[in-house]
Asks: 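What follows is a single structure, and I will ask about it in a moment.
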Amino acid sequence: MRERRGTRFTPFQAGMIALVLIVIGTYLAFAKQVPWSQPDFELKAVFERTTEVGARSPVRIAGVDVGQVSKVERASEGSEAALVTMEIDEEALPIHEDAELKIRPRIFLEGNFFVDVRPGTPSAGELESGEVIPASQTAAPVQLERVLGTLRGATRMQLQRFLRGYGDAIGGEPAPGEDADQDPVTKGETAGESLNDTLEYSAESLRGSALVNDALRGLAPRDLSRLIAGQQRVSQALGSREQQLQDLITNFNVTMSAFAAEQDGLRGTVRGLRSLLERADPALDELNESFPPTRAFAREIIPGVRETAATIDAAFPWIAQTRRLMSPAELQGLVRDLSPATRDLALTTDGTLKLLRQTDAFNRCLLDVVLPTGSVVIEDPPVTTGVSNYREFFMALVGLSSESQNFDGNGSYVRLQPGGGSFRVQTGRHPTFGPLFGNATRPPLGTRPAYPGRLPPKRRDFACHRNTPPDLNSARTGGTP
């Protein structure tokens, strides 16, 4: 059997096929549609002037390309108006009968113009493919050459002089002494250079302007329209007060004349505004940071404010009951009956305060003087007990109690047997019994502490707790008789 050989292309055929594929791919890439295919939706519009757009100019909705211009032709013979036919993607539908179209310039990197479509409101009917939007709903930009073409020769000369003078004002060097009263930073600079210096602060300024513009939009969708309506009513009210407005302008002229008379002081004030603004900028930043939580707080408090009226209405019965409670028949009568007891309680409280002060002084005397003195161990060799003297006192009471039992527990006298000796002991004279006598086997050493002959003075002007505890071991011993 013979082997079958596959069909092979010649180099010329392969090159032709590749060329055709490249041409088709290039066409599809730029045309973005299949040839001989019908557009999804065709929209026509009449413009008074359409020299700015041509075939393949983009059509956009909200900045997004949704189609392109397919044809531009005259709307009628002898008219400058033109009929623009556009092919619109199906995803951009629907377009309503009150739609508006404007021709706008593209950014400088794109060049030329595009058709900006506003689809209209849902309440209007939807357009069918091929319907025409009238010129009353379209607009085209006014070019500079059209504006200049309407000016007369003298007006053009004045405009040229204005532009030349404006250029000299922006780029001209200041004359000697002309900027002597200006800020040192701007001295010697042209107006254009000074304007360029302001670009350093433009970012923050534009950011603040953006925040202001965002705030001017309001919180609800129709806040701005309500503001404009309010401005219209204000303007209407001002228009009905023509005489008052004339007086206002006259008084404003007088005020401006007063400012002009103080222009030197105003110039100094304006010169100092820079330092003021530099100090105010951080404060405004902090204030700006506080706006979001303040706005959130305002939103959160709105329900409470709405409920305030109902809360006040609910509080009226309570206020009525409270008023009756405070009437003479209720709490006022009770207060009148309690007034004597309150006065007595006030006197008792005042006396208690004095008692508490005395009690505090007494307690401090015990804590700082009496108790530390009672805890001292009296050294009296050879009979030193080694215990605190307050404990010795209680031990002596125990001994005295046992001795007073008179040996059998029935007597009432204390009998002491000091013993006999050749040394007589005599006490001082007692008011009732006179001197008392006794005998001792040894001569007594004396008494401790020695009697000073008189009692120590009592000072009521010196607090007890301020005294220094006495040194009992340094007490002097009294002499023998």
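We're numbering straight along the sequence, starting at 1. Only this structure's heavy atoms are used, side chains among them; waters, hydrogens and symmetry mates stay out.
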Asks: Taking the side chain from N467 and the backbone from C464, do they hold a donor-acceptor pair closer than 3.5 Å?
Replies: yes
Asks: Once you round to the nearest 0.5 Å, how far does CD1 of I228 lie from CG of D223?
Replies: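 Those atoms lie 11.5 Å apart.
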Asks: Rounded to the nearest 0.5 Å, how far apart are OG1 of T121 and CD of E97?
Replies: 10.0 Å
Asks: Which distance, rounded to the nearest 0.5 Å, do you find between the CG of N389 and the OG of S375?
Replies: 7.5 Å
Asks: Assess whether a salt bridge exists between D360 and R357, defined as any Lys/Arg side-chain N lying under 4.0 Å from an Asp/Glu carboxylate O.
Replies: no
Asks: Just by distance, do the side chain of D368 and the backbone of N363 share a donor-acceptor pair under 3.5 Å?
Replies: no
Asks: Test your reading of the model: is there a side-chain donor-acceptor pair from N251 to the backbone of D247, 3.5 Å cut-off?
Replies: yes
Asks: Measuring from L83:CG to I133:CD1, what's the distance to the nearest 0.5 Å?
Replies: 11.0 Å
Asks: Does the T250 side chain pair with the main chain of Q246, one donor and one acceptor, at a distance under 3.5 Å?
Replies: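 Yes.
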Asks: If you count heavy atoms of other groups shown closer than 6.0 angstrom to CZ of F462, is the number above 12?
Replies: yes
Asks: What's the separation between atom CD1 in I302 and atom CZ in R299, rounded to the nearest 0.5 Å?
Replies: 8.5 Å
Asks: Does E242, at its CD atom, have more than 12 non-hydrogen atoms belonging to other residues, nucleotides or ligands within less than 6.0 Å?
Replies: no
Asks: Does anything in residues 193-204 pair up under salt bridge (charged side-chain N to carboxylate O under 4.0 Å, His left out), and if so which pairs, sequence neighbours excluded?
Replies: E204-R207
Asks: If you measure from CD on E131 to NZ on K44, what distance do you get to the nearest 0.5 Å?
Replies: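 One finds 11.0 Å between CD of E131 and NZ of K44.
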Asks: Using a strict cut-off of less than 4.0 Å between a Lys/Arg side-chain nitrogen and an Asp/Glu carboxylate oxygen, indicate whether D116 and K102 qualify as a salt bridge.
Replies: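 Looking at K102 together with D116, the answer is no, because their closest N to O distance does not fall below 4.0 Å.
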Asks: Sequence neighbours excluded, which residues qualify as side-chain contact (heavy atoms from CB on, under 4.5 Å) partners of P105?
Replies: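 F113.
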Asks: Does E42 offer a backbone N or O that forms a donor-acceptor pair with the side chain of S129 under 3.5 Å?
Replies: yes
Asks: Return the set of residues passing side-chain hydrogen bond (donor to acceptor under 3.5 Å, both in side chains) with D264 (not counting sequence neighbours), or none when no residue passes.
Replies: R267
Asks: Say whether, by atom type as modelled, one donor and one acceptor occur between the side chain of T138 and the main chain of V46 under 3.5 angstrom.
Replies: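 Indeed, once roles are kept as given, a pair shorter than 3.5 Å links the two residues.
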Asks: Out of R60, R106, R56, which residue meets the salt bridge (Lys or Arg N to Asp or Glu O under 4.0 Å) rule with D65?
Replies: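 Result: among R60, R106, R56, R60 is the only option passing the salt bridge (Lys or Arg N to Asp or Glu O under 4.0 Å) with D65.
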